[in-house]
Undergrad: 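I am attaching a structure below and will ask some questions about it afterwards.
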Protein chains: 2
Amino acid sequence: MPKAKYDEIYLDLKRAVENGTYPYGSLLPSENSLITQYGCSRNTIRRALAGLGEGGYVQPIHGKGVRVIYQPSERASFTVGGIESFHETARRNRLNVVTKVIRFEETVVDAALARESGFLEGEEVYDILRVRYLDGKPLILDHNFFLKSLVPGLTAEIAAGSVYAYIEKKLGMQIVTSKRTITVEHATAEDGELLDLGDYNCLAVVSGQTFNADGLLFEYTQSRHQPDYFSFHDTASRKKKELLT
Amino acid sequence: MPKAKYDEIYLDLKRAVENGTYPYGSLLPSENSLITQYGCSRNTIRRALAGLGEGGYVQPIHGKGVRVIYQPSERASFTVGGIESFHETARRNRLNVVTKVIRFEETVVDAALARESGFLEGEEVYDILRVRYLDGKPLILDHNFFLKSLVPGLTAEIAAGSVYAYIEKKLGMQIVTSKRTITVEHATAEDGELLDLGDYNCLAVVSGQTFNADGLLFEYTQSRHQPDYFSFHDTASRKKKELLT
DNA sequence: GCCGATTTGTCCGTATGTATC
DNA sequence: CGATACATACGGACAAATCGG
C-alpha cells in the first residue's frame, strides 16, 4: 500500500508502461503534463520518473522527453532480481514448493566465516542448510546464517516454512538492503547428493548479505542453483562521468 | 569530470566511505551538518546520499541517521557490474587483454534474432564473434550485434580493439542504459573449441541490450564466460511496499 | 544560423510529517 | 515532552538540450 504520492504516481505510470499505454520507443507525456494530470509539484513527478528509470522502464532524454525502453516480453523465466524471498519468487512463477531442512544448528562465527560473511568473529548464529524442491525436483541448496541476536527464536519448523515471513511478521523486522554476488562454481559432492543436477557439473551460486531497517547485517546466505532454474536480471545506467578508454 | 554539485558531493562521500573515514556500521554526519559542510541545499545533499544508497554504500534510518554498510573487502575479483566495457573491466583488474575476431559479417535481423534481441526484423546489423584472451587464456566468447544505422562504419580492425571506444569517441554516441540477464548454460561445441573451459561443462552467460542517449537500442550482446573469471555484484533495496507472504 | 518554445537538469528555500532518542 | 534526524511535498529560478520555423 503506497501512501507516498510519488509512489502512487510511479506505480500508475509503471502499470501504464507495462500494459502498453505508453509503448516501447514512445515518449511519456512531458513533466508539465504529468504535473497537471496528477496535480502535484515537479519534484514529485521527477521522483516517480526516477523510479521508472532505475527499473529500466524509461530513459530521460535532455530537451526531448522521457523514452519508454520497456519491452513486454521481459516477464517469463524464473527470476531472482530485486529483493524477494524464495517463496515470493516461487509464487510469482506459480511453482509448487517444498523445503527440506537438512541441518539446523546453532554455532559461533569463526575466522573463515567472518571473512566471508561480514559477521564478527564470535557472534552467535543459526546455521541452516535447506533443499528447495520445485514441482518435486530438488533444485536449490540454501545455506543460511542468521544472527541470533537479531533473529531470535528460530526453529527447524520455521526454517521449513518461510524464515522471512517469520522475521517480518513475527519479529516485525524489516528487510531493506540486500547485496549479492553471482558466480558459477563446480558442483561439490554434497551438491550432487542433494540436488538433481542432471549432467551439469557446475551451478549458479548467489552469495549475499541482508541488512535490516537499522542498517545492521543479520543474514548471510549462499544459494546454489541448478542452472536450468536460474536467471538474474539487471538494469544499469551510466551518468555522465568518465569516458571509455 | 563531475560538474554537478551533487555528483561532487557524492564522489567525495563515496571516497570517504571507501577509505574508512566513515567506517562500516557508523553513521554519516547528519544532513544538516553536510549542508553546512558543503554549503548547499538539503535537496542536493539528499541526492548525493541517494546515490550512495543505490550503490550499497549506505542505508538511511529514519529519525536516526545514515548508516555505512560498505565493507572495504568488497573490491577484488573480476566484476561485471555497472556499465563498463570489457576493456574498462580488464584494466581495472590489471589484466593483459587480447581480442581475436572470429567472425565479422553484415547481416539482417531475422525473426528469431528479433525476438531474442529486441531489434526489428529486417534491420541491418553487424554480426561479430570475438574471443577475449586474458593473460593469454581464451576465457570469454562475445557475440555482438550492432545496429548499422546507429553504429556505422564498423570494421574488423575496430572490433579487434574496443568497439565502445569507437562508439563513444569517434561517433560521439553516449551509452546510457544497459539491461542484462545472467544465466548458466551448457557449453556448446563452439564454446569448447574456442575457449579454455578446463573441466567445466557449462559457463556463465550474460545477455544484454544497450541503449544510447536517445533511448534507442543499438546493441545486443551475448557474452559467454569461463566460470573462474566471472563474478557479478548487485545491490538492491526494498522500499516500503508490500510485505512478504 | 539564429531565435523562441518546449523539455529535461540542477539547485535553492521552505514547510510539514514522522521516527528516534 | 522536546530536540534531532530523515521523509515528503511544494514552489520558484535558471541552465542546457532539442526542435521547428
Side-chain angles (χ1 to χ4, degrees), chain A residues 1-11 13 22 26-54 57-69 172-174 176-177 212-216 237-241, chain B residues 1-11 13 22 26-54 57-69 172-174 176-177 212-216 237-241:
Chain A
M1 64 203 58
K3 60 184 168 191
K5 194 180 289 188
Y6 73 86
D7 208 27
E8 289 184 27
I9 298 172
Y10 160 78
L11 291 172
L13 292 174
Y22 303 119
S26 68
L27 299 179
L28 291 185
S30 75
E31 295 178 356
N32 272 320
S33 307
L34 294 172
I35 287 169
T36 61
Q37 274 186 44
Y38 288 101
C40 67
S41 75
R42 179 141 181 251
N43 280 337
T44 303
I45 291 295
R46 285 185 63 77
R47 178 126 186 217
L49 292 175
L52 292 177
E54 276 180 46
Y57 289 92
V58 302
Q59 180 181 303
I61 308 166
H62 195 159
K64 202 171 184 187
V66 177
R67 172 153 282 145
V68 176
I69 60 172
M173 186 166 74
Q174 281 191 332
V176 176
T177 301
N212 69 10
D214 284 321
L216 300 177
S237 63
R238 170 145 61 183
K239 320 285 181 186
K240 288 165 189 176
K241 299 185 180 176
Chain B
M1 68 196 57
K3 60 184 167 192
K5 196 179 289 187
Y6 72 87
D7 207 27
E8 288 184 27
I9 298 173
Y10 161 77
L11 290 172
L13 291 175
Y22 303 119
S26 69
L27 299 178
L28 293 185
S30 75
E31 294 178 354
N32 274 320
S33 307
L34 295 172
I35 287 169
T36 60
Q37 274 185 43
Y38 288 102
C40 66
S41 77
R42 177 126 188 269
N43 280 337
T44 304
I45 291 295
R46 285 186 63 78
R47 180 132 184 210
L49 292 176
L52 292 178
E54 276 180 48
Y57 288 94
V58 302
Q59 180 181 305
I61 308 166
H62 195 154
K64 203 169 179 185
V66 178
R67 173 152 285 145
V68 176
I69 60 172
M173 187 167 74
Q174 281 192 332
V176 174
T177 301
N212 68 11
D214 283 322
L216 300 176
S237 62
R238 170 147 62 181
K239 322 284 180 183
K240 286 161 193 179
K241 299 184 181 177

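Atoms considered below: every heavy atom in the structure, side chains included; atoms not considered: hydrogens, waters and symmetry mates. Since this is a predicted model, take the numbers as computed values, not measurements. In what follows, chains carry the letters A, B, and so on, assigned in the order in which the sequence lines appear, proteins first and then strands, with residues in each chain numbered from 1.
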Undergrad: Judged by atom type as modelled, is there a donor-acceptor pair below 3.5 Å linking the side chain of B/Q59 to the main-chain atoms of A/N212?
TA: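 Checked: pair present.
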Undergrad: Expressed as a whole number of angstroms, how long is the span from A/N32:CG to D/dG12:C1'?
TA: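 About 13 Å, once rounded to whole Å.
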Undergrad: Atom CG of B/L34 to atom P of D/dC6: distance rounded to whole Å?
TA: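 Checked: the CG to P distance equals 8 Å.
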Undergrad: List in chain and number order the residues that pass salt bridge (Lys or Arg N to Asp or Glu O under 4.0 Å) with A/R47, two or more places apart in sequence or in another chain; answer none if no residue qualifies.
TA: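 Per chain and number, A/R47 pairs via salt bridge (Lys or Arg N to Asp or Glu O under 4.0 Å) with no residue.
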Undergrad: Give the rounded distance in Å between these two atoms: CD1 of A/I35 and C1' of C/dT8.
TA: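 From A/I35 CD1 to C/dT8 C1': 11 Å.
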Undergrad: Just compare D/dT8, D/dA5, C/dT8 and give me whichever is closest to any side-chain atom of A/A4.
TA: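 Nucleotide nearest to A/A4's side chain: D/dT8.
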Undergrad: Report the distance from atom NZ of B/K5 to atom C1' of D/dC14, rounded to the nearest whole Å.
TA: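 Interatomic distance, NZ of B/K5 to C1' of D/dC14: 13 Å.
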Undergrad: According to the salt bridge (Lys or Arg N to Asp or Glu O under 4.0 Å) rule, which pairs have a member within residues 57-67 of chain A, sequence neighbours left out?
TA: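 Qualifying pairs, neighbours excluded: none.
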Undergrad: Distance check needed: C/dA19 P versus A/Q174 CD, whole Å only.
TA: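 So the two atoms are 11 Å apart, to the nearest Å.
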Undergrad: Tell me: CD of B/E31 to P of C/dG13, nearest whole Å?
TA: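 It works out to 15 Å between those atoms.
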Undergrad: Using the side-chain hydrogen bond (donor to acceptor under 3.5 Å, both in side chains) criterion, which residues pair with A/Y22? Sequence neighbours excluded.
TA: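 Scan of A/Y22 (side-chain hydrogen bond (donor to acceptor under 3.5 Å, both in side chains), adjacent residues dropped) gives none.
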Undergrad: CD of A/Q59 versus P of D/dT18: gap in Å, rounded?
TA: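 About 13 Å, once rounded to whole Å.
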Undergrad: Mind calculating the distance between NE2 (B/H62) and P (D/dT4) to the nearest angstrom?
TA: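 Atom NE2 in B/H62 sits about 16 Å away from atom P in D/dT4.
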Undergrad: Scan nucleotides 19-21 of chain D against the protein and return all N/O pairs shorter than 3.5 Å with their distances rounded to 0.1 Å.
TA:
unit_1: D/dC19; atom_1: OP1; unit_2: A/K64; atom_2: NZ; d: 3.0

Undergrad: Can you sort out the partners of A/R46 under salt bridge (Lys or Arg N to Asp or Glu O under 4.0 Å), two or more places apart, ordered by chain and number?
TA: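 Salt bridge (Lys or Arg N to Asp or Glu O under 4.0 Å) list for A/R46, sorted by chain: A/E31.
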Undergrad: What does D/dC1 pair with, Watson-Crick or G-U, if both distances are under 3.5 Å?
TA: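 Its partner: none found.
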Undergrad: For B/S237 and A/T177, which heavy atoms make the closest approach, and how far apart are they?
TA: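 Result for this residue pair: CB-OG1, 4.0 Å.
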Undergrad: Hey, does the side chain of A/K3 come within less than 4.0 Å of C/dT18's phosphate (OP1/OP2), counting only N and O?
TA: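 Indeed not, no polar side-chain atom of A/K3 lies that close.
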Undergrad: State which residues pass side-chain hydrogen bond (donor to acceptor under 3.5 Å, both in side chains) with A/S26; sequence neighbours excluded, sorted by chain then number.
TA: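 With neighbours one apart ignored, the set is empty.
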Undergrad: With sequence neighbours left out, what residues match A/L52 under side-chain contact (heavy atoms from CB on, under 4.5 Å)?
TA: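 In terms of side-chain contact (heavy atoms from CB on, under 4.5 Å), with neighbours along the sequence ignored, A/L52 is linked to A/Y10, A/L13, A/K14, A/L28, A/L49, A/Y57, A/V58.
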Undergrad: Of the non-hydrogen atoms in A/C40 and A/I9, which two are nearest, and what is the gap between them?
TA: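 Nearest heavy atoms, A/C40 then A/I9: SG-CD1, 3.8 Å.
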Undergrad: Considering just the side-chain nitrogens and oxygens of B/Y6, establish if one lies under 4.0 Å of OP1 or OP2 belonging to C/dT10.
TA: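 Result: yes.
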Undergrad: Identify, residue by residue, the members of residues 40-49 of chain A with a heavy atom below 4.0 Å from DNA chain D, and return them in order of residue number, or none.
TA: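 When residues 40-49 of chain A is checked for heavy atoms under 4.0 Å from DNA chain D, the hits, listed by number, are A/C40, A/S41, A/R42, A/N43, A/T44, A/R47.
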